[in-house]
Amino acid sequence: VLSCSCLPDLREDNDPPCTAENKQVIERQCNVLKSDRFKVCHSLVNPDDFIEICIYDMCQYDGMKSALCDIVQVYVDTCKNHGITIKWRNSTFCPLPCPSRSHYKECVSACPSTCSDIFASSLCEKTEECTEGCECDDNYVLSNGNCVPLSSCGCRDDDNNYYSVSSLWSKSLTSK
């Protein structure tokens with residue numbers, strides 16, 4: 001006969017490390033998940049566990065806003081897995097920081113235009129999947145993770161090899 005017994009749980013209490021006044025402010029912020037903006041998903045994904053995690057994390061990190069934004073993102077992603085898309089970011093609530101010469105969009109192309117393929121986004125296979133992100137401003141394309149003016153892009157030769165402006169410049173200097 002096999003018998004098992006559990007050891008007592010000696011871990012510290014799982015209460016968030018918050019002052020009473022701090023906790024009230026944090027609870028109010030985390031309760032955004034109960035707002036009308038997220039209501040469309042409540043019947044499929046209960047926000048209570050997410051709110052509890054949010055409160056704990058924000059208390060742990062002294063009210064850091066990114067902890068709130070991270071848990072809201074997880075809730076929204078969970079809703080998306082259930083077929084519910086929620087548009088929730090804006091310029092004042094958890095804005096997504098974008099590099100210079102780019103801007104936030106709720107739906108960006110999975111294959112953005114780049115210097116080496118300026119038509120990538122128009123030729124990209126259109127899917128129902130949509131993801132938020134940063135998109136280069138008009139007349140700018142991606143090059144090594146930065147948005148650069150189209151005029152800074154190089155060109156392709158007859159064999160479809162891409163040459164950056166800097167490589168063309170150095171080639172013209174060495175070929176003289």
Review point. With the threshold set at 4.0 Å, does a side-chain nitrogen-carboxylate oxygen contact exist between K80 and D77?
Key: no

Review point. Does the side chain of C54 reach to within under 4.5 Å of the side chain of M58, using non-hydrogen atoms?
Key: yes

**Study point:** Shared hydrophobic cluster for M64 and Y56 (ILVMFWY, side-chain gaps under 4.5 Å)
**Key:** no

Check your understanding: Quick one: salt bridge (charged side-chain N to carboxylate O under 4.0 Å, His left out) partners of K105, sequence neighbours excluded?
Key -> E135

Review point. Are the side chain of R101 and the backbone of D137 linked by a donor-acceptor contact shorter than 3.5 Å?
Key: no

**Study point:** Check: S143 and C153 side chains under 4.5 Å, non-hydrogen atoms
**Key:** no

Exercise for review: Kindly compute the distance separating CG (D49) from CG (L33), expressed to the nearest 0.5 Å.
Suggested key: 11.5 Å

**Study point:** Exceeds 12 heavy-atom contacts within 6.0 angstrom, atom CG of N144
**Key:** no

Practice item. Would you sort out whether N90 and R37 count as a side-chain contact (heavy atoms from CB on, under 4.5 Å), showing the intermediate values? Key: CA-CA 12 Å; N90 62 42; R37 187 182 300 169; 3.9 Å; yes

Exercise for review: Please name all residues satisfying ring pair (Phe, Tyr, Trp, His ring centres under 6.0 Å) with F50, sequence neighbours left out, ordered by chain then number.
Suggested key: Y75

Check your understanding: Do N146 and P99 have side chains that get closer than 4.5 Å, going by heavy atoms?
Key -> no

Exercise for review: Report yes or no: do V72 and Y61 belong to one cluster of Ile/Leu/Val/Met/Phe/Trp/Tyr joined by side chain heavy-atom distances under 4.5 Å?
Suggested key: no

Point to revise | Over 12 foreign heavy atoms within 6.0 Å of CG, D48 | key: yes

Practice item. With sequence neighbours excluded, tell me which residues meet side chain to side chain contact (heavy atoms under 4.5 Å, CB included) with T19. Key: E21, N22

Review point. Among the clusters formed by ILVMFWY side chains lying less than 4.5 Å apart, do Y140 and L96 turn up in the same one?
Key: no

Review point. Under a single-linkage definition using a 4.5 Å side-chain heavy-atom cutoff for Ile, Leu, Val, Met, Phe, Trp and Tyr, are V148 and L142 assigned to the same hydrophobic cluster?
Key: no

Point to revise | Side-chain donor or acceptor of N31 paired with backbone N/O of K34 under 3.5 Å | key: no

**Study point:** E52 CD: over 12 foreign heavy atoms closer than 6.0 Å
**Key:** no

Exercise for review: For the pair L68 and F93, evaluate side-chain contact (heavy atoms from CB on, under 4.5 Å) and give the outcome as yes or no after the intermediate values.
Suggested key: CA-CA 10 Å; L68 169 66; F93 184 71; 4.0 Å; yes

Check your understanding: Does the side chain of E132 come within less than 4.5 Å of R89's, by heavy atoms?
Key -> yes

Exercise for review: Would you check if P95 and Y104 make a side-chain contact, meaning some heavy-atom pair closer than 4.5 Å?
Suggested key: no

Point to revise | Heavy-atom pair of closest approach, residues V45 and H82 | key: CG2-ND1, 3.7 Å

Practice item. Please report the C-alpha distance between I26 and C18 in whole Å, then the side-chain angles of each, then the deciding distance to 0.1 Å, and finally whether the side-chain contact (heavy atoms from CB on, under 4.5 Å) criterion is met. Key: CA-CA 9 Å; I26 287 171; C18 255; 3.7 Å; yes

Exercise for review: Taking the side chain as every heavy atom from C-beta outward, state whether V141 and T114 have any pair of such atoms under 4.5 Å apart.
Suggested key: no

**Study point:** Close side-chain approach of V32 and F38, heavy atoms under 4.5 Å
**Key:** yes

Point to revise | N/O donor-acceptor pair under 3.5 Å between T78 side chain and V74 backbone | key: yes

**Study point:** Euclidean distance, D57 CG relative to S66 OG, rounded to 0.5 Å
**Key:** 9.5 Å

**Study point:** N139 and P149, any side-chain heavy atoms less than 4.5 Å apart
**Key:** no

Point to revise | Separation between CD1 of I55 and SG of C30, rounded to the nearest 0.5 Å | key: 5.0 Å

Review point. How far does CD1 of I84 sit from NE2 of H42, to the nearest 0.5 angstrom?
Key: 11.0 Å

